[in-house]
Amino acid sequence: MNLLKNKILVGIIAVSTLGLVAFSTIKEDYFEITKQIEIFTTLYKTVSTNYVDQTNPTDLMNKAIKNMLTELDPYTVYFNEQEVIKFKLNSAGEYTGIGAMISRKDGKIILKEPYKGYAADKAGLKAGDEIYQIGDIKLEDYKEDVSTLLKGAKNAKKEIFFTRQGKNQKVELQLEEVDIKAVPFYEMLDDKTGYIVLSAFNAKTTTETKNAIIDLKAKGATQLILDLRGNPGGLLLEAVNICNLFVPKDEVIVTTKSKNEKYNITYKTRNEPLDLQIPLAVIIDGKSASASEIVSGALQDLDRAVVVGSRSFGKGLVQRPIDLTYGTQVKVTISRYYTPSGRCIQALDYANKDASGKAQTTNEKDRRAFKTKKGRTVYDGGGIQPDIELQETKTSTIANALTNNDAIFLYATQWYYKNPSVGDKIPVITATDWQDFKAFIKKEKLALNTETETSVKKIEELAKKEEIHSDIQKEYQALLAAVQKSNELQLDKYQEEIKKLLVDELIKRYQYREGLYAYYAQNSAEVKKAKELLNNASQIKKILQN
C-alpha cells in the first residue's frame, strides 16, 4: 500500500507540475486550475484505492496525461522516464545501439533498415527480418518500447532471434556508438554544382553542413543544391544557423509568437556568413517539415534561394521540452513561428476541429499574401509553396496507401531474395514484376485503405452501431466494391510513380541509404531541375525578382 501511495504521489506531483506550467503560460484564473487539480487528485486516489481489481497507478497516470494532451495537438507530448532518454538521443544525433531502424506493426517487430557498417549490418541482419526475441525476452507479449532493449552500454552483447523468409535464425551482436549524420551524403554533380542532402536538424547539423560546403567549394563548386526532402525538422536554432551560412549577420530568420510574452522571440543570424553570393537552390517535398520549412521559407522570403519541388508539410508550431519531476518531461507547443515576411505556414488548425475531432486545413482561398524582401508574393497557411513546383514529384493517394500498408516494403523484401545478385546495379521493375506486384497485394490481402475506402468502411461501422447494417448491406457492398475497383485502376494510372518507390526501396536493400542518395543525385527530377535552374543565371534572377 505504501508503494501504491508513493506512485500516486508521484503522479499527483507530475499533474500538479503540468498545471503550474500551464498557469505560468496562460492568463487563467488560478482558483479554477487549483480546483481542477484537486478534483483529479481526489478521483485518482479514490479509484486507485477502491477499484475492485488491482490497478497500476503508473499506467493509469500515463494514460490520463496522454489522453488529456490529445485534445491539443499531436506535438504536445508527455514522456515518462524511458521516453525522455529516447527523446534526448534523437536530439543529440548519437546513441549506443545496433544501428538500425525498426518498427512495430500488427504486433510484429520488423527491421526496416540497417545502417551501413553498424552492428546490425555487420551481424548480417536485413530489412524485412522479423525480430521475435531479444535475449531472454520474447516480444510477442512485450508491450514496452522494444528499441530500449536494443540499446545499452557500449560493447554490450545482445542475442537477436529473428525470422527471415520463414526460417528462424539467431545472431549475437555487440552494441556500439551510432552516429546519426545530419548530412549523410554530399558530392559534386558536375564540375561546378555541389549537392548536399540535409536529413535532420540535430546538434551536428550546422557543423556538418558547413564542412560539406567548404569541401565542395574546394572541389570547384560555384553553385549549390540543398536537398531537404523528407527532413522532418528538429532544433530551431540549427535552422537559423543553416540560413546564417548564406545570409548576413543580424538578419531576421524566424519569429515566434505566443500568448505568453516570454516566448515571443525574434531569431536573427549571429555570425558572419560563409558565402553570400553562391547561387543556391533548395529542394523540398511534402515530408519537409518544421525546421526544414524555416530554412526554405526564410531563404525564399529573403530572395536568397530558389525553392524547387512540391509543397512542404506545413508545421508552423514550436515545441519546447520542459522537465517535470522524477525524470519525466513534457514537450509543449509554446508558440507559432513566422518567416521573415510575416507568414505562418501552419497547415492544420488544432484550435478548430470538426465534429470527428479532426483539425481543419486552411482553405486555399483564405491564405494571406505576404511579400518577400524584393517584393515577390508568397502565401501563409499551407506549408512552403516552391518557386518551381514539379507535378511529377507530388505523391498520389494510392502511392501513400501502398507506403502506409507496407506493400512496397514487403514486396521489395520478396524481390530482393529472388534477385540476390543485383549488387551495385540499379534494380529494374519489369512489366512482369508489375503484374506480380499487383498479384502480391491481392494474395497478401493488403488493404489499400485510401481516404475514400476508409470513409466507406466507417459507414459500415456506423451502420452496425445504429443497427441498420442489414438494411444497407447490399448497397454498402456495391459501393465498397466500386471504390476497390477504382483503387485497382489507380494502381495502373500511377504505375510509374509506384515503380519509382519500389526502385528506391530496392536500392536501399543492395546499396544502403548512401546508394539511394547517389541515385537521387543523378536521376531525381527535382535535382535535375535545380541544376538546370542554377545553370541559367538569367532565369534565377528573373524568379527571384518577380
Colleague: Hey, mind stepping through R343 and I384 against side-chain contact (heavy atoms from CB on, under 4.5 Å) and telling me if it holds?
Modeller: CA-CA 10 Å; R343 55 181 169 149; I384 300 299; 3.9 Å; yes

Colleague: Can you list everything that forms a salt bridge (Lys or Arg N to Asp or Glu O under 4.0 Å) with K528? Sequence neighbours excluded, please.
Modeller: none

Colleague: Mind jotting down which residue pairs meet the salt bridge (Lys or Arg N to Asp or Glu O under 4.0 Å) criterion with at least one end in residues 303-322? Sequence neighbours excluded, please.
Modeller: D303-R376

Colleague: For residues L299 and V307, determine if any side-chain heavy atom of one lies less than 4.5 Å from a side-chain heavy atom of the other.
Modeller: no

Colleague: Output all residues satisfying salt bridge (Lys or Arg N to Asp or Glu O under 4.0 Å) with R368, sequence neighbours left out; order by chain, then residue number.
Modeller: D380

Colleague: Do the ring planes of Y350 and Y75 sit parallel (below 30°), tilted (30 to 60°) or perpendicular (above 60°)?
Modeller: perpendicular

Colleague: Give me each pair satisfying side-chain hydrogen bond (donor to acceptor under 3.5 Å, both in side chains) with a member in residues 224-237, each pair once, sequence neighbours excluded.
Modeller: Y195-D227, D227-R229, R229-S524, R229-E526, N231-S292

Colleague: State whether a side-chain donor-acceptor pair under 3.5 Å links T333 with Q319.
Modeller: yes

Colleague: Got a sec: does the CD of E38 have more than 12 other heavy atoms crowding it under 6.0 Å?
Modeller: no

Colleague: Would you call K500 and E497 a salt bridge, using N to O less than 4.0 angstrom?
Modeller: no

Colleague: For S48 and K45, indicate whether the former's side chain and the latter's backbone hold a donor-acceptor pair under 3.5 Å.
Modeller: no

Colleague: Is there a donor-acceptor contact under 3.5 Å from the side chain of Q223 to the main chain of P279?
Modeller: no

Colleague: What pairs meet the side-chain hydrogen bond (donor to acceptor under 3.5 Å, both in side chains) rule with one or both residues in residues 265-279, with sequence neighbours excluded?
Modeller: K217-D275

Colleague: Tell me whether R336 at atom CZ has more than 12 heavy atoms from other residues, nucleotides or ligands lying less than 6.0 Å away.
Modeller: no

Colleague: For residues K331 and T76, is any side-chain donor paired with an opposing acceptor at under 3.5 Å?
Modeller: no

Colleague: What I want to find out is whether K63 reaches D59 closely enough, with some N-O distance under 4.0 Å, to be called a salt bridge.
Modeller: no

Colleague: Not counting sequence neighbours, which residues clear side chain to side chain contact (heavy atoms under 4.5 Å, CB included) with K210? List them please.
Modeller: I214, L245, L274

Colleague: Side chains of D285 and S288: is there a donor and an acceptor less than 3.5 Å apart?
Modeller: yes

Colleague: Taking the six-membered ring for Trp, are Y118 and Y115 parallel (under 30°), tilted (30 to 60°) or perpendicular (over 60°)?
Modeller: perpendicular

Colleague: Report yes or no: do Y519 and D504 form a side-chain donor-acceptor pair below 3.5 Å?
Modeller: no

